[in-house]
**Student:** 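Below you will find the structure I want to go over with you.
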Amino acid sequence: MDDVLISYCVVTGSFLGFQLLFSAISPRLFTKYSSTYRQLSFGKQCEWDSRFVSTNHALIVGSACLYILAYDDAVNADPIWGDPFWVKMNVAITCGYLVQDLLLLARFWKVMRDPYMVCHHLAVFYSYGYVLNRGVLPYFANFRLISELSTPFVNQRWFFDVIGKPRSSWPVLLNGLAMALVFFIVRIAVIPSYYSQVFATFGTEGYIRLGIGPQVAWIVSCVVLDILNVFWMYKIARGFYKVVKAKPDGKPRRNHAD
């Protein structure tokens, strides 16, 4: 079977699997075992289920990214045209998840409004379409997906808020610290290294073979995603700073000059 056809079969299977997780498994699981979930409004239950799906997607795709980065010699040797099979499978899983999440956002827009996430998803689709259809840029596609490793911590912060865990409690503070560190490492600290590798390909035979379409999609999507990542990093760091500065009762400490 052709790789492209296999990829789209994986996209379809991923979409159906994550939709099943959202609409059947998560509601039944948490209705049975979580009293907090049972007391939430319909909109909050939808967001809970959505974040549960998001965390599972991040763990699957993030783990696969690390494996590919460590052991896929063909992709690491030729970042533009290396054998992309396993990267394409991982990207296909992500695309199936993104379709599911975009449809979910459209259906429940009034309660899950998030224009930044829509921009993120569309930028990812724009670039990953070339990975699925032409098998180009496998190393860089895989490198971008490593950023998903920060997602479970972001979602866990939301779960802590919903169950009423005080932001000054140790579990929340430790998760917040882990979230800030992992987010910084996988989304911000890697920016110089990533773009140095991008610039190193400019003018090479492999880069020229890409053509203008993939070249533009690659650079534009990266810039958009990194602008969003810097914006989110600022919000995370600011939120964590406020919590650390707060008193145990959650109220900000007064400055000596106040």
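This is a predicted model, so every value here is computed, not measured.
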**Student:** Looking at every heavy atom in both Asp49 and Pro27, which two are closest together, and how far apart are they?
**Tutor:**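 Closest pair (atom of Asp49, atom of Pro27, distance): OD2-CG, 3.6 Å.
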**Student:** Tell me, do Ile93 and Phe18 make a side-chain contact under 4.5 Å, heavy atoms counted?
**Tutor:**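 Yes - at least one pair of side-chain heavy atoms lies under 4.5 Å apart.
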**Student:** Please tell me whether Tyr116 and Leu225 are part of a single hydrophobic cluster in this structure, the criterion being side-chain heavy atoms less than 4.5 Å apart.
**Tutor:**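 Shared cluster, yes.
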**Student:** Which heavy atom of Pro192 sits nearest to which heavy atom of Ala189, and what is that distance?
**Tutor:**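 Between these two residues, the closest heavy atoms are CD-O, 3.3 Å.
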**Student:** When you measure from the side chain of Asn56 to the backbone N and O of Phe52, does any donor-acceptor pair fall under 3.5 Å?
**Tutor:**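 Pair found, side chain donor or acceptor close to backbone of Phe52.
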**Student:** Does Ser169 use its side chain to pair, donor to acceptor, with the backbone of Pro166 at less than 3.5 Å?
**Tutor:**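 Yes; judged by distance alone, with no hydrogens or angles, the pair exists.
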**Student:** Assess whether side chain to side chain contact (heavy atoms under 4.5 Å, CB included) is satisfied between Trp232 and His120, documenting all intermediate values.
**Tutor:** CA-CA 12 Å; Trp232 285 328; His120 170 274; 4.0 Å; yes
**Student:** Are Ile185 and Leu145 linked, directly or through intermediate hydrophobic residues, by side-chain heavy-atom contacts shorter than 4.5 Å (ILVMFWY only)?
**Tutor:**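 In one cluster: yes.
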**Student:** Would you name the heavy atoms of Leu98 and Val124 that are closest together and state the gap between them?
**Tutor:**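 Scanning both residues, the minimum pair turns out to be CD1-CG1, 3.4 Å.
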**Student:** Does Thr204 use its side chain to pair, donor to acceptor, with the backbone of Thr201 at less than 3.5 Å?
**Tutor:**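 Confirmed, Thr204 side chain pairs with Thr201 backbone.
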**Student:** Can you name the nearest heavy-atom pair linking Asn155 to Thr55, along with the distance?
**Tutor:**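 Distance-wise, the nearest heavy atoms are ND2-OG1, 2.9 Å.
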**Student:** Between the main-chain N or O of Phe153 and the side-chain N or O of Asn175, is there a donor-acceptor pair closer than 3.5 Å?
**Tutor:**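 Indeed, once roles are kept as given, a pair shorter than 3.5 Å links the two residues.
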**Student:** Looking only at atom types and distance, does a side-chain atom of Asn142 sit under 3.5 Å from a main-chain N or O of Val87, one as donor and one as acceptor?
**Tutor:**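 Not at all, since once roles are kept as given, no pair shorter than 3.5 Å links the two residues.
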**Student:** What is the minimum heavy-atom distance between Ala217 and Ser127, and which atoms define it?
**Tutor:**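 Reported closest heavy-atom pair: O-CB, 4.0 Å.
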**Student:** Should the ring pair Phe143 and Tyr194 be called parallel, tilted or perpendicular, given that the plane angle runs from 0 to 90° and is split at 30 and 60?
**Tutor:**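 Correct class here is tilted.
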**Student:** Indicate whether any N or O donor in one side chain lies under 3.5 Å from an N or O acceptor in the other, for Ser50 and Glu47.
**Tutor:**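 Side-chain D/A pair, Ser50 to Glu47: absent.
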**Student:** Got a donor-acceptor contact below 3.5 angstrom from the Ser150 side chain to the Phe183 backbone?
**Tutor:**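 Checked: no pair found.
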**Student:** Does Tyr8 reach the side chain of Leu5, with side-chain heavy atoms less than 4.5 Å apart?
**Tutor:**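 Heavy-atom side-chain distance check fails, nothing below 4.5 Å.
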**Student:** So do Lys88 and Val131 actually touch side chain to side chain, heavy atoms under 4.5 Å?
**Tutor:**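 In short, these two side chains touch, coming nearer than 4.5 Å.
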**Student:** Could you walk me through whether Ile6 and Met89 pass side chain to side chain contact (heavy atoms under 4.5 Å, CB included), step by step?
**Tutor:** CA-CA 8 Å; Ile6 294 174; Met89 297 303 103; 3.7 Å; yes
**Student:** Say whether, by atom type as modelled, one donor and one acceptor occur between the side chain of Thr31 and the main chain of Arg28 under 3.5 angstrom.
**Tutor:**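 Checked: no pair found.
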**Student:** Does a salt bridge link Asp226 with Arg187, judged by any charged N lying under 4.0 Å from a carboxylate O?
**Tutor:**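 Between Arg187 and Asp226 there is no salt bridge, as every charged N stays at least 4.0 Å from the carboxylate O atoms.
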**Student:** Between Trp81 and Val136, is there a donor-acceptor pair closer than 3.5 Å when you use the side chain of the first and the backbone of the second?
**Tutor:**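 No, Trp81 side chain to Val136 backbone: no donor-acceptor pair under 3.5 Å.
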**Student:** Between the main-chain N or O of Leu210 and the side-chain N or O of Gln215, is there a donor-acceptor pair closer than 3.5 Å?
**Tutor:**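 Between the backbone of Leu210 and the side chain of Gln215 there is no qualifying donor-acceptor contact (under 3.5 Å).
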**Student:** Would you give the length of the straight line joining atom CD1 of Ile188 to atom CD1 of Ile191, rounded to the nearest 0.5 angstrom?
**Tutor:**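 The CD1 atom of Ile191 is 4.5 Å from CD1 of Ile188, to the nearest 0.5 Å.
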**Student:** So do the side chains of Phe160 and Arg167 get within less than 4.5 Å of each other, counting heavy atoms only?
**Tutor:**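 They are not in side-chain contact.
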**Student:** Look at the side-chain heavy atoms of Ile, Leu, Val, Met, Phe, Trp and Tyr, link any pair under 4.5 Å apart, and say whether Ile227 and Phe231 land in one connected group.
**Tutor:**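 Looking at the clustering, Phe231 is in the same group as Ile227.
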**Student:** Go through it in stages, so that I can follow the logic: the residues are Glu148 and Leu59, the test is side chain to side chain contact (heavy atoms under 4.5 Å, CB included), and I'd like the CA-CA distance, side-chain angles, deciding distance and then a yes or no.
**Tutor:** CA-CA 8 Å; Glu148 286 299 318; Leu59 292 173; over 6 Å; no
**Student:** What ring-ring contact (aromatic ring centres under 6.0 Å, His included) pairs are there with at least one residue in residues 196-227, not counting sequence neighbours?
**Tutor:**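 Every pair satisfying ring-ring contact (aromatic ring centres under 6.0 Å, His included) with a residue in residues 196-227: Phe140-Trp218, Phe199-Phe202, Phe202-Tyr207.
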**Student:** Ile80 and Tyr195: same hydrophobic cluster, using ILVMFWY side-chain contacts below 4.5 Å?
**Tutor:**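 Per the 4.5 Å side-chain linkage, Ile80 and Tyr195 are co-clustered.
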**Student:** Ignoring hydrogens and angles, tell me if any N or O in the side chain of Asn133 forms a donor-acceptor pair with the backbone of Val4 under 3.5 Å.
**Tutor:**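 Here the side-chain-to-backbone pair does not exist.
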**Student:** To the nearest 0.5 Å, tell me how far His57 NE2 sits from Ser14 OG.
**Tutor:**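 Here the interatomic distance stands at 6.5 Å.
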**Student:** Between CZ of Arg157 and CD1 of Ile236, what distance do you get to the nearest 0.5 Å?
**Tutor:**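 Here the interatomic distance stands at 6.0 Å.
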**Student:** Can you get from Tyr128 to Val220 by hopping between Ile, Leu, Val, Met, Phe, Trp and Tyr side chains that sit under 4.5 Å apart?
**Tutor:**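 In one cluster: yes.
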**Student:** Are Arg51 and Thr151 packed together at the side-chain level, in the sense that at least one heavy-atom pair is separated by less than 4.5 angstrom?
**Tutor:**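 Not in contact.
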**Student:** Do the non-hydrogen side-chain atoms of Tyr139 and Ile68 ever get within less than 4.5 Å of each other?
**Tutor:**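 Not in contact.
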**Student:** Which value, rounded to the nearest 0.5 Å, describes the distance between Tyr126 atom OH and Leu122 atom CG?
**Tutor:**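 Rounded to the nearest 0.5 Å, the OH-CG separation comes out at 12.0 Å.
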**Student:** Per the ring-ring contact (aromatic ring centres under 6.0 Å, His included) rule, which among Trp48, Phe159, Phe22 passes with Phe30?
**Tutor:**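 When Trp48, Phe159, Phe22 are each tested with Phe30, the ring-ring contact (aromatic ring centres under 6.0 Å, His included) holds only for Trp48.
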**Student:** Identify the heavy atoms of Ala92 and Val10 that sit nearest to each other, and give their distance.
**Tutor:**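 Reported closest heavy-atom pair: CB-CG1, 3.6 Å.
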**Student:** Nearest 0.5 Å, what's the CG-CD1 distance between Asn90 and Ile60?
**Tutor:**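 If we round to the nearest 0.5 Å, Asn90:CG and Ile60:CD1 are 9.5 Å apart.
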**Student:** The test is side chain to side chain contact (heavy atoms under 4.5 Å, CB included); show your working for Val91 and Thr94 and say whether it passes.
**Tutor:** CA-CA 5 Å; Val91 166; Thr94 290; 5.5 Å; no
**Student:** Quick check for you: to the nearest 0.5 Å, what is the distance between Ile25 atom CD1 and Leu21 atom CG?
**Tutor:**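 That separation rounds to 5.0 Å.
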**Student:** Would you mind reporting whether Leu137 and Tyr130 have side-chain heavy atoms less than 4.5 Å apart?
**Tutor:**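 Of all side-chain heavy-atom pairs linking Leu137 with Tyr130, none is under 4.5 Å.
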**Student:** Answer whether the closest heavy-atom distance between the side chains of Pro171 and Lys165 falls below 4.5 Å.
**Tutor:**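 Answer yes - side chains close enough.
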**Student:** Within a radius of less than 6.0 Å around CZ of Arg107, do more than 12 heavy atoms belonging to other residues, nucleotides or ligands occur?
**Tutor:**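 Atom CZ in Arg107 is not packed in, count stays at 12 or less.
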